[in-house]
Structures are given as structure tokens and as C-alpha cells.
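See below for the structure under consideration.
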Amino acid sequence: MGIIELIQSNLLTPVVLFFILGIVAARIKSDLKIPEAISEFLPIYLLAAIGLHGGIEMRTTGFESMLIPMFVAIALSLIMTLNHYQILRKLGKFNIFDSYALASTYGAVGAVTFSVGLSFLKNQGVTSEGFLAAILAVLEPVSFVLAIFLTNMAVSKMVQKKKQTLQKYSKDDQNDPTAYAELEASIKQNRSFYHVLRESITGKAIVILLGSIMIGYAIGKEGFQPIKLVFEDLFAGAIVIFLIEMGIIAGKRLDDIRNVGPFLVGFSIIIPTINGVIGVAVSTFLGLSVGGSVMFGLLLASASFIAAPAVLRTAIPQAKPSLYITSALGITFPYNIIVMLPIMLTLSSYLHNL
Amino acid sequence: MGIIELIQSNLLTPVVLFFILGIVAARIKSDLKIPEAISEFLPIYLLAAIGLHGGIEMRTTGFESMLIPMFVAIALSLIMTLNHYQILRKLGKFNIFDSYALASTYGAVGAVTFSVGLSFLKNQGVTSEGFLAAILAVLEPVSFVLAIFLTNMAVSKMVQKKKQTLQKYSKDDQNDPTAYAELEASIKQNRSFYHVLRESITGKAIVILLGSIMIGYAIGKEGFQPIKLVFEDLFAGAIVIFLIEMGIIAGKRLDDIRNVGPFLVGFSIIIPTINGVIGVAVSTFLGLSVGGSVMFGLLLASASFIAAPAVLRTAIPQAKPSLYITSALGITFPYNIIVMLPIMLTLSSYLHNL
Amino acid sequence: MGIIELIQSNLLTPVVLFFILGIVAARIKSDLKIPEAISEFLPIYLLAAIGLHGGIEMRTTGFESMLIPMFVAIALSLIMTLNHYQILRKLGKFNIFDSYALASTYGAVGAVTFSVGLSFLKNQGVTSEGFLAAILAVLEPVSFVLAIFLTNMAVSKMVQKKKQTLQKYSKDDQNDPTAYAELEASIKQNRSFYHVLRESITGKAIVILLGSIMIGYAIGKEGFQPIKLVFEDLFAGAIVIFLIEMGIIAGKRLDDIRNVGPFLVGFSIIIPTINGVIGVAVSTFLGLSVGGSVMFGLLLASASFIAAPAVLRTAIPQAKPSLYITSALGITFPYNIIVMLPIMLTLSSYLHNL
Amino acid sequence: MKLYEIKLLTITCEVLAQRNIFDILDKHQVSGYTFYEVEGSGSKNLHGKGITDKNVKIEVLLSNDKLESIVEEIMRTMFSDFAIILYVGDAKVIRSEKFT
Amino acid sequence: MKLYEIKLLTITCEVLAQRNIFDILDKHQVSGYTFYEVEGSGSKNLHGKGITDKNVKIEVLLSNDKLESIVEEIMRTMFSDFAIILYVGDAKVIRSEKFT
Amino acid sequence: MKLYEIKLLTITCEVLAQRNIFDILDKHQVSGYTFYEVEGSGSKNLHGKGITDKNVKIEVLLSNDKLESIVEEIMRTMFSDFAIILYVGDAKVIRSEKFT
Ligand SMILES: Nc1ncnc2c1ncn2[C@@H]1O[C@H](COP(=O)(O)O)[C@@H](O)[C@H]1O
Ligand SMILES: Nc1ncnc2c1ncn2[C@@H]1O[C@H](COP(=O)(O)O)[C@@H](O)[C@H]1O
Ligand SMILES: Nc1ncnc2c1ncn2[C@@H]1O[C@H](COP(=O)(O)O)[C@@H](O)[C@H]1O
Ligand code: NA
Ligand code: NA
Ligand code: NA
């Protein structure tokens, strides 16, 4: 199957179609919505299912085969985050805060995108390595932590400079509330670094994902049997329901795309493409399977739109959330699940057949 | 099996028994309830399942076989709505507003009743045409639109008359606030017609139902496989859970039955019976299967009690909701699922064997 | 398998591991939680599933075999409640109110514990008598009713005494608001006895459980088929999800254990052990199966932590909820599902092989 | 800290009346409002948290002059058709220009 | 537009005390009340939105004379047993006859 | 029945600002607060009840002296970064010592 046919056939899967239905519903201002309790529960369920599956697989394959891919993934994620920052700051002329926020949004990974990827592969009858769930878990905070650390450094420097200037030129300015506020902000910022680090690691996504990996590892295939129906067989249907809601949220964001500007629109499509292709190539080289390489590529191609707002809003409050939420959820997510998945599968198959 | 035995055996199905359990729980003032998020989600789920199933079937049977039944259904629904109005206004002595509201409640269709019908047929091992889901979707707004249009016409005429009277007899009455209010109401009413039309069509029930039909049509039986567990196999259990809540709501309404008066109680039983029998007969004549004729009859027999309150409350605010909610949910719904379904199945089998 | 191995293997089941994950999440202050709508719905679902299963089984076995075990269970539950009271009051030096509240919490049964027990037995490939669900339903209110009755008696006596004293020594004290309040309290107390009795019996747990037993009895194995997927096959997965939330709640309670004191900690472990062992022995003697004896023992060993707070908070408001919630949920529940179940299964197997 | 006087209008009504209220508020160009679902008991019995009958409470901070015309319009067009109560309270805000 | 003075009594308490409060309100024949679930932090720690511990907030518009006896009864019968706070505010309504 | 004057501070903000507000309240050692999720419309468009954007309303009963410094700190550190409104009202309580 060529890429075009694969994209077409992918378009006609329930996951993508219900996502589009959600978008349409939002556009025609329908009152369709998935109750909040359900849409808050579904990511927890999806991550538990992903984690259990990954843990069970890792029991068979062991840890060793995972180590190199994981370190490569972390390294790539960090490099890409820095690279995004340079592009956004230099070419896109975004301010420091927006640049770091966007850079880490795209350096981080999307758990929902990952779920859709698994369901896409299953539809195509392709399997992937279980340890990718563990990489997903580890990769989640990496990019945020880097971005927040660098933002803090930048702010500290700025404050330092201003403080010196203040001290040099005037003594009365000490009472200037803005100057005080700035100083306080820098302290707040530094405190919030550990704060954010702590919050990222104890965030529900990581806790349930890591926990489920360990549980999957502990119970193995046999212990999984009684709950397989809920945590494996229902997965495909559950993700369809979740994507209705994702579509509705994305649909509401579509208007905002006009405001993010053409540069960011281009960024939201080109960067995932490049990152995804690199991911597929590198992981093929590392010896991952056809499906594993697709998922590895997807980890790098995906942007975070559930964890990101929660973390960044408190960590880099100066950045505009409408920028990173809109581009990640409104552009990159649909692009990834509709276009990139087929591209990466074709590429991965091609590379594995060389 | 005779009708009586069929009714008895239908009484002993989980759907009916859990509905009764809900009623009992409400009567003894138990605090049993299904959390709102679940009972808001279940109709969406049920409609998605119905739609997917219908769409997949239509892929096999094509559109042509659907056209005549659909137009006949629309025609019957409109005629019946007008007929209900005459009966309620002339015989029942209800005012214009209550008459139109009730007429359209019984002219419209009940998606929940439809779900129970499908589950009833499945229990009996009888299949039905998939395109009935499409008729369900189209029929939803038809009756409301008619009723609201006619109500608006009636109000306009009333206002016209009053305006002339006002102008004839007194000039000062122009300042009479009631007169002004009336005029404004007529304008509001006319605006709200398009408003209501728009809202009916973008209402969540129609969006999810039509959307799922199209998705089902697009993905076909094969694409449905991965989500079949959720959207087909869980259906019977999900409807049981939903009927607990329906029973609780109906149980709370039972006290109100005293207030709706004997005429409306009779209406709520006789009209569905007549409409249902006509539906079964006509659809048998049109060539529908045994099960299809039952479902066609059920479409006409059923009254709307989830969409109706939402639409009518804003469209005909002068009508008393306690009348149409109580009769549709408290009397007609139980009557349909307990008594009418067996009657119609017996009738349909009989007619098909002629 | 020895007890130790059985405990170890039980530790590695999803139910226990996800419970522990919930505890860990609460301890590290993660924001992981199951949305309230889901965690309110799950007990209803679990009880419906238990009830249906029990009712279906009872259809085969009949009522007679149930009668003796049920009366024995009621008798044991009453005796144990009185026994708990003596221990708590005499040895533990708790006040009357706390003693009665705790005594009945441990005399009552835990529906969640019961669910975990069923899933434990299923994992071990052991079956149990269906009528145990009926005993669960009947046992729920028994212990509360006794405790509340005795508390009322105690309060009445106290009030009587005070009234006499008041009348003897002073006439003006009639106007003393405290004296009046006390009198009123005694009346309130007496009213609330019937109130509480009523509320216990119409409480959602009993209504859904008894209702489902009757429905299961009415529909039998065959009528159950269409909803078996939801009400039987999903059971194991659903309880896992519920136990995440239970773990989170228990985890938040762990800090409070320090406050309940060493006596109550000991009580929370020793009493279930004794009650459970007695239950297994007695039921083995009564002729229950290996698994049935385990469940019978579990009924007596378990403490109530969902119904108890709701009932006792209004019935014996003078008692400290932190005492009975913390000990029942934070200590006894984990102890029962992790340690007691394996112990009782080993004991039951041993006794049945004598 | 300078605080400015403002009015807080609170409307509790059945959910079906919600959109009409929003329309009236928008028509009078209030700068914002907050709303949430509530349960309640009143002359028209207990409103549960069911699908078809629940209450919503709407709160609007607004200037005195808008208050009167909004309350008047709600009274005139909605009191007869819907279960609805409303009350007015005093509040103080920092940025009075945000609430008009 | 004529507005009438009225009192708004707000009670925030753990959910287990809710029914007792309703009983007291009914006993004093208030014409209605509104309530909704809330979370909160107070002297008795954070109340989560869990199954066994959550808070409920109850609001009652009522006349001055009923206010006193209701508050007094709640204080006397419930303050020692339940986590509960209450406060009183002023409000203005259009139809004072609806709130008694 | 003796009632004591007290202030009721109400803050409505997007959920992402919630923790910062709690931190400020804790820092100033308020004795408690109540909060719940709400929806709203304001200058920054309609906030739905979605996962990433919803509003939360926080209510604090507190003494006059704490009020000023808390409002001032919220203004200074948060107004520029978050969608947030706040207003102050008067209330009366029975046990003034509970609210400091
Ligand atoms: N006295 C009152 N105090 C507070 N809320 C009230 C009061 N009366 C009515 N309500 C609220 O307003 C809604 C509609 O009232 P009603 O139109 O009297 O049924 C009720 O469901 C309550 O939520
Ligand atoms: N100062 C306060 N301001 C607002 N709400 C409060 C305050 N203190 C307590 N509460 C609420 O009242 C509930 C019970 O308070 P407490 O009895 O102090 O635990 C808390 O969970 C809060 O919801
Ligand atoms: N005039 C108002 N009255 C009541 N609530 C308001 C008002 N303006 C804003 N809000 C609330 O404050 C939130 C944030 O407002 P804004 O920063 O203007 O977007 C809104 O979503 C509303 O919930
Ligand atoms: Na990425
Ligand atoms: Na009909
Ligand atoms: Na027990």
C-alpha cells in the first residue's frame, strides 16, 4: 500500500472519524459533549492499559534491550527541545517564555497520541515493543524539566542585570514596587523549579503509567487474564469515545489558529514531520521492530497537550497558553494521527526492508 | 407464543426488571441513583451504537430500499401530530400550547424506546433493517418543527387580532405593558422558530446519531471489528444500567400522574397503541421484515421524553412540561416497552404470515 | 500451597497491586484520582453484579439451603457486635458512643471486601454458594440496627437520670436550656431510630443488592446471557479500577492511624482474624463448600466503611468518625484482602479435608 | 487599596431557562458572568440533578444602571414561564472598569 | 423597580450533616433553598470530593425573624457534632412574598 | 443572637491558577476556604467544563486586616498572568474566632 492509500485507509478508521465528528460537532455549535467525569477518567484508563501491556511485554524481553533506546530517546528529546527553542526564538521571533513553552510542548510526548498510535498499529496488524510504554513514562517530564530549568536561568540572569542597574543608578528605586516584584518573581521562580519537578513526577499520568508498568511486570500474562477484557479488549472502543471529546476540544480551538500566525502553523507541521522521521530512522538503526520504530518516531513527533497546559501554566506563567495548546491540539495532533502515522509506517517498512 | 405469554416473558427480561427496580427505588425514597455523568453519557453511547449498527447495515442494503419507508414515516409522523392536536384540543379541551406540545411529543420518537426495542428483538432472535436508525435520526426533529411552526402561526394570529383591537379602540393602550409584551413575544416567537430548528438539528442526539450512521457506513463490518466489543456487545448491559435511572425518574413522576387527568392517561395509552398498529401494518405492506415492522411501529408509538423537554421548554414555554414529561415518561414509555413491543411483534409475525 | 506462598501470590494480583498503587499515589501526594461519578457508580455496579450472580445461583439451589446459614450469620453478627462493644468499652476504655459505633462497624459487613473476596476465589479457581449474596444483603443493616438501638437505650437512661435529678433539686432549672436540649436530644434520638432503620433498608446498597438478587432469580442463567458481558465478565476489571480509588482514600487515612492509638490498631487486626476463623469453622460445619466457607468467614471478618460512615454519622453523631473510618478502611480492609483471604482459604481447605 | 462599589446579581433557575438568561445578559452587554449547576427546593418541588430537571445558578457582577433593566426584562419575559428566583447583593471590586 | 430587604443564610458543612440541616429548614417552613457540593479546607483538614467526605453548601433566602431561630437551632443541635460553618448576608429581592 | 462582622472574599479564576491562590491563602494563614468548579464567560471568552480549561470559585471568610494584604498579593503576582476576578462582600458570623 502506498502512503496515499494508507492515509486514506487510516482516515476511514473509527478513531479518526469520531475525532472528525467531534470537530464537526464543535464547529456547528452542537451541544454534544462527553461528560467531564468520563473524559477525565479515560486518560487514566488508557495509560493504565498501555502500562499493563508494556509491563507484561517487558517481563518477556527484559530490561537490557530497553536501555539504549531509552537513553537515545531522552537525548533526542533534549536536543530537539533546544533546537525548537532556537527556531522559535530566532526565526519565529517569539519571546523567551513562549519559545521555551512551545519548545518543551513539542519536545514532550503525547500520551493520547501514543494510544492512537497503538490502535493504528493494531488495525494494521503490526506489533511494537512493550518497553516503549516505559520510554513514554520517562520522556514525559524530561522536556518540561529542561525548559523550566532554562527559563529559570534566563529569568535569573535578567533579574541579576536589572538589580545591578537599579543599584548603580538610584537608591530610591529600591522602593519601586516593580523592582521588588521582579526580585520576588525570581525567588518564586526558583522555588517553583523543584515544585514543578515534583509535580511532574507525581502527576497522575506518570504515576498511573509507571505504576501500571510495574504491575504488568509483576503479574505477567497469566495474572492479566481476568482483567484482560477491561484493560485490553475495551481499549479500542474507549479511545474512540475519548477522541470524540478531543475532537470537540480541538474544534473549539480552530478559531484560534488564525491568531497563532502562519509561522507557528508551519512549525506545528514541519517539526513533527522532521522529528518523526528522525525517530523512525534512528530506532530502525537501533534494531527496533517495524511497529516499534513507528511508535518511537511518534514519541518524538507528538506534542503534549494534556500535561503541557497543567505544567507550563504554573511553571512559565508568562507564556501564552493559547499558543501551545492550539498548535499542539489543533494542528499537530490531527496531523500526527491522520498523516504522520501512515508516513512513518511506510518509512519504517521501507527501512526495515533495505 | 401468544401475546400474553410474550408479555410475561418480556416482563422477565433484565431491561424491564431493572426499570421496575428503579421505579420501586424511587417509590420507597431510596437514595439509589446513577451518577449524572453516567446517565448523561449513556444516551450518547446508545445512539452511537445504534448509528454505527445502522450505518454498517445500510452499506450492504444501499439507500434505495430506505427512501420509501423514510418518506412514509415522515408523512405518518406529520399526520399523527396534527391528529393528536385535534384530539387534545377538541376532545381533551387542552389549550393551544399544551395541545401542540403534547401532539409533537407523541409525534416525535424516543431514542431510548428505540434502544429497548432493539434489545427486545435481539432477545427474541429477530433482526431488523439497519436503515431504521436513519429514519430515527430524520424523524427526531420533524414533529417538533411542525408543532413549533403551527404554534407560531397560532400566536401570530392571536397577536394580529389583539393589535387590531388595540388600535381600533384606544390610542393610550399603546403604552399598556401587556400589549407591548405580547407584541414582543410574537417577535421572540418568530425568531425562536429558526433558533429551534437550528437547535433541533445541531442537538447532540441527532449529531451523534447521524454522525455514527455515516461512520458506520464508511468503516463497514470490517472496520467495526476492533470496536465491536464496546459498541455492540456492551449494548445490552449498558441499556440495563440506563433503565435503572429511567425507572428512578419515572418513579418520581408517578405522583404527578394524578394531576395529568384521566383524559391524558387514556391518551398516553390509546394513541401509542393506534400509532404502533398502523406503523406495523403500513411497514409490513411496504415490505419490511418482521423485526423491521416492529421497530417501524415503535418509532410511531414512542413519545419523546429526553429531547422533548429540552426543545419544547424553549420553543413553547407556555405549555406545561409536567404534562408532556409525565405522560411520555411515566405512562407511555413503560407501556411501550412492556406491553406494546410484544403486541407489535405478535401482530407483525401474524401479518407477515398472511 | 502454604499460607505464606498463598499470601505472596495474592499480593501479586491486580486487585491488590492497584490498591497499593492507590496508597502510594496518595502518599506521594499525586493528583491521581478516579472521578467521583465513576467511584460512586462502581459500588452500584459491583453490587448489581454480585446480586445477579447470587440470584441466578439461588434459582438452582433453592431457598432451603440458605435458611440455616443466614440465621447463623445473623446470630453471629449480633453476638460479635455485643462482644466488640464489651472489648472496646472495658479493655479499650472508649466512651459509649465510640464503642457502639466501632462495635457495629466491625459487626457489619463490607460489600467491597466481599467483591474482592469473589475475585480472589475466582483467581484461585474456587466457587462459592450464590446465596451468600443474600446473606450479605440481610447482614448489612442488622448490626447497625442493634448498635443504634442500644445507643438509644443508653442515652434514654442517661436522660432519665438527669431529668430526675433536675426535678429533685430545683424547679427553676426547668428553664435551663441545656436540660431542655438534653430532653429534646433524647426525643430526637428515639425518632431517629426508626429513621435510621428506614434509611438502612432503603439505602442504595441494599436496594440494588436485593433487587438484583430477585432479578437474577427471575431471569435465570439464560435471561442473563445478553448482559453477562457487562455484569460478569467486566467484574474483575471494574473492581481493579475501584480499588485504585479505595487505595487513594486509604492512603490519605494512613496519617490518622497514629491518632487511633495502638489498642484500636490491634483490635482492627485481631478481631477480623478471630471473627473470620470462627466464620470459616462454623460454615464448614454447616456444610458450605470450601469457597463458601471463605466468603462466610469474610462476611464476619469484614468491617463496613462505605455504609458505616453514612449511617453512623447521623445515627450516633457523638462518635468520632475518624476512629471507625480509619480503622475499617485503613487497617482492616487491607489486612482482610491481603492476609485474611489466604489464611481463610488455607483453613477452609484444611477443614474440608479433615 | 481602593475598592469600588458594584452589584452582584444572582439568578437561580431551572436549566431550561439558562439560555434565555444568557441571551438577555448578552443583549445588555454585561462584561461577564459565572454559572454552575445546583440542586434546590422551592415552590415547584425538589429539583434533582437529573438529566431533564436541574437548576443552574448564574452570578453577574454589574453596574447599578444595567442591573435595573436586566432584572426588569427577566421579570417581564420569564417569571411566568420558568422556575426562577433572583436576588441582588452589594460587593466591592478593585478594577471597576472590568465590570460594566 | 422596588426591591425588598431579605437575609441570605449560607451554611457550609460536611455532606453527612446535610439531611439534618434540611430537616431543620423544613421544620421552620422556609419557602426554599439551594445547595451544591463544594470542596473545602478548614480546621478539620481538607475535605476532598471523595465518596465519604465532601462538603455541601446550602443557601437560604429568608426573612429576618426565621433567620434567628434557625441559626439558633443549628448551633445548638449540630455545632458540636459536625464540621459546619455558617454566615449571614444581606440581599434584595423583587417578590418578597416568595421568601418567608 | 450576637453576630460579628466579617468579610467574604470571592475569587473566580481559571483552574490553573487555583494552586497559586491556595498558596497565597495558606501563607497568610487564613483559617479555611471553600471552593468549587464553575463555568463562566468573561473577557477571555467562555470557559467550558473541559479538562484543560475550567474555572474555579474560591470563597474565604476572613478578617478585614488579612483581606487587604491577600488581595494586594493576588493582584500583584497573578492579575497579569491569569484570568481572574475577585470581589469582596460583607457577612455576619456567630463564631468570629473561627475566621481569622
Ligand atoms: N428561599 C429560597 N432560598 C434559596 N433558594 C431558593 C429559595 N426558593 C427557591 N430557591 C431556588 O430556586 C429554585 C426555583 O424555585 P421555585 O420557582 O420556587 O421552585 C429552587 O429549586 C431553589 O434552587
Ligand atoms: N474561613 C473560611 N472561609 C470559607 N470557608 C470555610 C472557612 N473555614 C471553613 N470553611 C468551610 O467549612 C468547612 C468545614 O470547616 P471546619 O469545620 O473548619 O473543618 C470547610 O471544609 C470549608 O469548606
Ligand atoms: N462580570 C462578571 N460577573 C461574574 N463573573 C465574571 C464576570 N466577569 C468575569 N467573570 C468570571 O471570571 C472568569 C474570568 O474572567 P475573564 O478574566 O474576564 O475572562 C470568567 O470566566 C467568569 O467566570
Ligand atoms: Na515530542
Ligand atoms: Na411517535
Ligand atoms: Na463483620
Side-chain angles (χ1 to χ4, degrees), chain D residues 5-15 17-18 28 34-50 53-80 82-92, chain E residues 1-40 49 51 54-64 66-67 70 87-100:
Chain D
E5 303 260 330
I6 201 170
K7 293 291 171 188
L8 173 62
L9 167 65
T10 304
I11 304 154
T12 306
C13 62
E14 51 182 320
V15 72
Q18 172 179 324
H28 291 259
T34 297
F35 59 101
Y36 42 99
E37 290 174 7
V38 298
E39 300 177 66
S41 160
S43 60
K44 308 213 177 66
N45 273 322
L46 201 78
H47 287 270
K49 256 190 158 177
D53 59 352
K54 59 188 166 194
N55 286 350
V56 67
K57 195 172 145 192
I58 304 165
E59 294 166 339
V60 200
L61 288 164
L62 76 187
S63 61
N64 217 337
D65 26 306
K66 274 197 187 153
L67 176 69
E68 191 141 336
S69 53
I70 288 176
V71 170
E72 192 275 329
E73 177 157 353
I74 292 176
M75 264 179 75
R76 185 166 42 79
T77 60
M78 302 188 60
F79 268 26
S80 59
F82 295 97
I84 186 168
I85 66 159
L86 59 79
Y87 57 91
V88 181
D90 293 314
K92 293 202 182 68
Chain E
M1 191 175 60
K2 174 103 192 69
L3 291 173
Y4 300 88
E5 304 260 330
I6 201 169
K7 294 292 171 189
L8 174 61
L9 168 64
T10 305
I11 304 154
T12 306
C13 61
E14 51 183 319
V15 73
L16 293 167
Q18 172 179 324
R19 197 173 301 210
N20 302 31
I21 301 275
F22 289 170
D23 284 349
I24 293 175
L25 294 178
D26 289 345
K27 190 175 134 193
H28 291 258
Q29 300 184 303
V30 303
S31 57
Y33 47 83
T34 298
F35 58 101
Y36 43 99
E37 290 175 6
V38 299
E39 300 177 67
K49 254 190 159 178
I51 333 183
K54 58 188 166 193
N55 285 350
V56 67
K57 196 173 144 190
I58 304 165
E59 294 167 340
V60 200
L61 288 163
L62 75 188
S63 61
N64 217 337
K66 271 193 189 156
L67 176 68
I70 288 176
Y87 56 91
V88 181
D90 293 315
K92 294 202 181 67
V93 294
I94 309 172
R95 306 177 284 185
S96 66
E97 70 285 359
K98 240 187 107 54
F99 310 96
T100 54

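Nothing here was measured: the structure is a model prediction, and the numbers come from that model.
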### Message
Is E:F99 close to chain D through its backbone or its side chain, or both, or neither, when contacts mean heavy atoms under 4.5 Å?
### Response
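Side chain only.
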### Task
Look at atom CD of D:E72 and say whether more than 12 heavy atoms of other residues, nucleotides or ligands are closer to it than 6.0 Å.
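Count over threshold, so yes.
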Distance, nearest 0.5 Å, that separates [atom1] of [X] from [atom2] of [Y]:
{"X": "D:T12", "Y": "E:L61", "atom1": "OG1", "atom2": "CG", "result": "7.5 Å"}
{"X": "D:N55", "Y": "E:F35", "atom1": "CG", "atom2": "CZ", "result": "9.0 Å"}
{"X": "E:L25", "Y": "D:S41", "atom1": "CG", "atom2": "OG", "result": "9.0 Å"}

### Message
If I compare all heavy atoms of E:Y36 with all of D:K57, which pair ends up nearest, and what's the gap?
### Response
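Result for this residue pair: OH-NZ, 3.3 Å.
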### Query
Which heavy-atom pair separates D:I85 from E:R95 by the least distance, and what is that distance?
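Scanning both residues, the minimum pair turns out to be CA-NH2, 4.5 Å.
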### Contact check, side chains of D:Y87 and E:I6, non-hydrogen atoms, under 4.5 Å
no
### Message
Counting heavy-atom pairs closer than 4.5 Å to chain D, which one of E:D90, E:T34, E:L3 comes out on top?
### Response
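Of E:D90, E:T34, E:L3, E:T34 has the most heavy-atom pairs under 4.5 Å with chain D.
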